[in-house]
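Quick notes on the structure that follows.
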Amino acid sequence: MKIVDPLTNPTAHGASASDAFDLVIPSIPGYGFSGKPTTTGWDPAHIARAWVVLVKRLGYTKFVAQGGDWGAVITEQMGVQAAPELLGIHTNMPGAVPADIDKAAFTGAPMPDGLSPEEKLAFERLTFVYSKGIAYGYQMGLRPQTLYGIADSPVGLAAYFLDHDAWSYALISRVFSGEAAGLTRDDVLDNITITWLTNTAISGARLYWESKLPYSVSKAFPSRLP
C-alpha cells in the first residue's frame, strides 16, 4: 500500500510524470475482498492464468507483474507460462534455492561443501525455517478446514496472524513496543480485520492445500535469506 502513490503519482515524490504506472492490484481468490472459490483447482498456476485474463479484460495489451509471498509464487508462474502480453516479472521473494541445497535443509542433512559465507548464512536460516518456522504452512497444507476454531474468534485469528512463526512475531512485536519499523499498529490490525470481516481465514488457508508446487523457501520466510 505504501508504494501505490509513488508509482501512480511520481511527481509528488520527486520523479517525473513519465514514470507513472497504472496499477492493477488483485486480491488472491479466497483472500480478502475476492470471492471464495467454490470448486477445487485454484492453485498458483490457475491464478496466474486468471491474472492474465483479468488484465487483458481491463484493456491492457502489455504489462509487467510483481508479487510477494503467495503473490511471488503466482508471479513466477506467470513468468513460466510466458503470456505474450507479459513483458517481465519482479518478485521480492524469489524461489532461488538450488534443489539439492533446498533438500539438504529440508531433511536436516549437513551443510553442503563449497558454500560462500552468504550462502552458509542462507542455509542456516533455511534449516531453521524448515525445522521450526513453517508448522502453520504444514497445517494449512494438510488440514486447512480444521482452522475453523480460529476463524470463529477475532482474538484467535489475531493470535494466529501475530505469532504463527518466530520471525514474523519478532518483526511485528517491534511495532507494538514503540519502534518505528516500517509498519504501524493500524497496518497490522488492518490485515487481521480484513480477514475477519470478509471471513476468509479458511478460504485463504486452502491455497496451501491447493498448491502442488515443492514446499521450498518460496513459500515461507523469504525475508530470512540474504
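Side-chain atoms are counted along with the backbone in the values below, which use heavy atoms only and exclude waters and symmetry mates.
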**Asked** Taking atom CG of Leu157 and atom CG of Asn191, what is their separation to the nearest 0.5 Å?
**Response** 9.0 Å

**Asked** Honestly curious: do Leu197 and Leu147 fall in one hydrophobic cluster under the side-chain, below-4.5 Å linking rule?
**Response** yes

**Prompt:** What heavy-atom pair brings Ala151 and Ile202 nearest, and what distance separates the two atoms?
**Reply:** CB-CG1, 4.0 Å

**Message:** I'd like to know if Val188 and Tyr169 are part of one continuous hydrophobic network [Ile/Leu/Val/Met/Phe/Trp/Tyr, side-chain heavy atoms within less than 4.5 Å].
**Reply:** no

**Prompt:** With a 4.5 Å heavy-atom cut-off, do Trp209 and Thr40 have their side chains touching?
**Reply:** yes

**Asked** Yes or no on side-chain contact (heavy atoms from CB on, under 4.5 Å) for Gln66 and Ile89, after CA distance, side-chain angles and deciding distance?
**Response** CA-CA 6 Å; Gln66 194 280 335; Ile89 68 171; over 6 Å; no

**Prompt:** Under a 4.5 Å side-chain heavy-atom rule over Ile, Leu, Val, Met, Phe, Trp and Tyr, are Leu7 and Leu87 clustered together?
**Reply:** no

**Asked** If you measure from CG on Leu189 to CZ on Phe161, what distance do you get to the nearest 0.5 Å?
**Response** 12.0 Å

**Item:** Thr146 side chain to Arg143 backbone, donor-acceptor under 3.5 Å
**Value:** yes

**Asked** Do any N or O atoms from the side chain of Thr200 and from the backbone of Trp196 form a donor-acceptor pair under 3.5 angstrom?
**Response** no

**Nearest atoms (heavy-atom pairs only) where Glu119 meets Gly114** = OE1-O, 4.3 Å

**Pairs touching residues 171-184 that satisfy side chain to side chain donor-acceptor pair (under 3.5 Å), sequence neighbours left out** = Thr184-Asp187

**Request:** Carefully, step by step, assess Trp42 and Leu207 under the rule side-chain contact (heavy atoms from CB on, under 4.5 Å).
**Result:** CA-CA 7 Å; Trp42 281 90; Leu207 183 55; 6.0 Å; no

**Message:** If I compare all heavy atoms of Met111 with all of Glu124, which pair ends up nearest, and what's the gap?
**Reply:** CE-CG, 3.7 Å

Check residues 15-31 and write down every donor-acceptor pair under 3.5 Å in which the side-chain atom is one partner and the other belongs to a residue at least two apart or another chain.
from	atom 1	to	atom 2	distance (Å)
Ser16	OG	Ser18	OG	2.9
Ser16	OG	Asp19	OD2	3.1
Asp19	OD2	Ser16	N	3.3
Asp22	OD2	Tyr60	OH	3.1
Ser27	OG	Tyr31	O	2.8
Tyr31	OH	Gly204	O	2.8

**Asked** Ignoring hydrogens and geometry, is there a side-chain-to-backbone donor-acceptor pair from Thr127 to Phe123 under 3.5 Å?
**Response** yes

**Asked** Do Ser203 and Arg206 touch side chain to side chain, with heavy atoms closer than 4.5 Å?
**Response** yes

**Request:** Tell me whether Tyr160 is reachable from Tyr148 by hopping between hydrophobic residues (I, L, V, M, F, W, Y) whose side-chain heavy atoms are closer than 4.5 Å.
**Result:** yes

Report all side-chain donor-acceptor pairs from residues 44-56 shorter than 3.5 Å, counting only partners two or more places apart or in another chain.
from	atom 1	to	atom 2	distance (Å)
His46	ND1	Gly41	O	2.9
Lys56	NZ	Glu85	OE2	3.4

**Asked** About how many Å separate CG of Asp69 and OG1 of Thr91, when rounded to the nearest 0.5 Å?
**Response** 11.0 Å

**Asked** According to a 4.5 Å side-chain heavy-atom criterion applied to Ile, Leu, Val, Met, Phe, Trp and Tyr, with indirect links allowed, do Val175 and Ile194 form part of one hydrophobic cluster?
**Response** no

**Item:** Nearest-0.5 Å distance that lies between atom CG in Leu121 and atom CG in Leu115
**Value:** 11.0 Å

